[in-house]
Amino acid sequence: MKKIKVKFVDFWPNFENDNVFLPILQKYYDVEISDTPDYIFGSVLGDSYLDYDCVRIFYTGENLSPDYNLYDYSIDYEYMDYGDRHFRYPNYVMWDEAFSGMMKKHLATEEEIAEKTDFCSFVYSNDKGNPARVQFFDLLSQYKQVNAGGKLRNNIGQPEGVKDKLAFQTRHKFAIAFENSSHPGYTTEKLIEAFAAKTVPIYWGDPWVDRGFNEEAFINCHRYDSFADVVEAVKRVDQDPELYRRMLRTPALKSREYSQKYTYEQLEKFLRNIFDQPLEQAYRRNRELWGKYYYERRLNQREYERIGNKLKKLVPRSVIQRFKKGGR
């Protein structure tokens, strides 16, 4: 069994021990987690990947793209072809419980439908996302009460938000499923959680969401000219019990290639292509001449940023502001 030395950097805590990549690698290779790696997996929470001159593999579930001058491979949400350097593995595929629930949502029974005593849910706590979330919440709330179960716009008497999002969403007919930003291919767990709760999602974010998801099962905001038109579409579904049942009982996915199992199998092939090669042949980024110059410039930029951050801690903010204005 081939031995490989790997490190995970710039991820959230405990990612090294709980991720989809390590079990795949351990299936085919003798994996050593090492501080002198031959391969690193990096993400968006830092730039320490620059310290490792080895094969670099980028992963993110967020709406950010890699710099292919600094990374050899990328695993993200983009719909793109780039030889063997890129693989589309969107965030929602990693949510096992929600994905499993979504795959059974079209089996909703009459009893489950009858238990939907509330109109629509809105479960968000991050106020840093696109303002479209709050704008649509406010607009739809003019029609009927929308229950905000997160910290954002909370109106259910639980300021810290609900503890069980799925249970909360399940009692609602609809769920506002808005991403924190909009980009083709950027689809996260928000849509599949709404499906798993056996609601009709009202979705905004990925304008290409219909490539994988069945539009007869949800309300796609990107099909309408305005949020006012979306509200009218919600009203039509809300006021037509048969139409609501038909949407609820329509499978969420359009084809097998968007299934969790199929995507995981393709990820496995993508990773094996990287690690089966001799190490020196696995590099894809340019490490000579202009590639080397680009890398060194990024290192210098990082150093300037670190010095600047140290100065901010040492020098009073008022002094920095006067300096910026040309004062003394």
Side-chain angles (χ1 to χ4, degrees), residues 63 90-92 95 98-99 101-102 105 108 113 115-183 186-210 213-240 243-244 247-248 250 252:
N63 189 6
N91 169 286
Y92 66 82
W95 294 73
F99 206 102
M102 176 183 70
K105 70 86 156 178
I113 295 174
E115 291 172 355
K116 295 187 175 297
T117 55
D118 293 337
F119 168 56
C120 184
S121 66
F122 177 84
V123 188
Y124 294 94
S125 294
N126 182 0
D127 62 356
K128 301 294 192 296
N130 191 292
R133 284 176 175 171
V134 172
Q135 291 169 1
F136 184 75
F137 169 83
D138 290 343
L139 195 60
L140 188 60
S141 295
Q142 295 175 24
Y143 167 59
K144 279 186 179 181
Q145 168 81 18
V146 178
N147 292 328
K151 295 179 183 179
L152 183 62
R153 283 292 203 272
N154 186 283
N155 61 7
I156 64 168
Q158 300 178 41
E160 294 304 310
V162 295
K163 294 182 179 180
D164 190 334
K165 181 179 178 180
L166 179 63
F168 179 74
Q169 286 188 312
T170 297
R171 73 172 199 248
H172 295 80
K173 291 178 66 178
F174 299 88
I176 295 177
F178 275 39
E179 308 290 3
N180 57 32
S181 55
S182 179
H183 185 88
Y186 179 59
T187 311
T188 71
E189 81 285 355
K190 301 186 176 55
L191 179 59
I192 68 166
E193 285 181 334
F195 276 134
K198 296 181 179 176
T199 72
V200 169
I202 306 165
Y203 179 79
W204 176 91
D206 176 5
W208 293 354
V209 67
D210 60 305
F213 292 89
N214 195 335
E215 283 188 303
E216 295 179 4
F218 68 103
I219 296 171
N220 184 0
C221 293
H222 297 279
R223 291 298 187 192
Y224 299 89
D225 294 330
S226 68
F227 281 159
D229 291 339
V230 176
V231 171
E232 291 304 312
V234 174
K235 289 181 182 180
R236 286 193 295 273
V237 179
D238 184 42
Q239 296 167 11
D240 186 338
L243 174 57
Y244 180 78
M247 294 185 74
L248 208 60
T250 298

Distance-only donor-acceptor hits, side chain of residues 155-162, under 3.5 Å, sequence neighbours excluded:
from	atom 1	to	atom 2	distance (Å)
N155	OD1	A148	N	2.8
N155	ND2	V146	O	2.9

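Side-chain contact between E189 and N91 is present, with at least one heavy-atom pair separated by less than 4.5 Å. Here the side chains of F136 and V230 are in contact, with some heavy-atom distance below 4.5 Å. Under the 4.5 Å side-chain criterion, counting only non-hydrogen atoms from C-beta, T187 is in contact with F213.
In terms of modelled atom types and a separation under 3.5 Å, the side chain of T250 and the main chain of A217 share no donor-acceptor contact. Of the possible donor and acceptor atoms, none in the side chain of T199 sits under 3.5 Å from a partner among the backbone N and O of F174.
Every residue was checked against the side-chain contact (heavy atoms from CB on, under 4.5 Å) condition with E115, not counting sequence neighbours, and none meets it.
Sparse packing is recorded around CG of D225, with 12 or fewer heavy atoms of other residues, nucleotides or ligands lying under 6.0 Å away.
Across all their heavy atoms, E179 and K190 have their closest contact at OE1-CD, 3.9 Å. The nearest pair of heavy atoms linking S181 to N130 is CA-CB, 4.4 Å. For K198 against L248, the heavy-atom pair with the smallest separation is O-CD1, 3.2 Å.
Here the rule is ring-ring contact (aromatic ring centres under 6.0 Å, His included) with F178, and of F227, F137, Y203 only F227 fits it.
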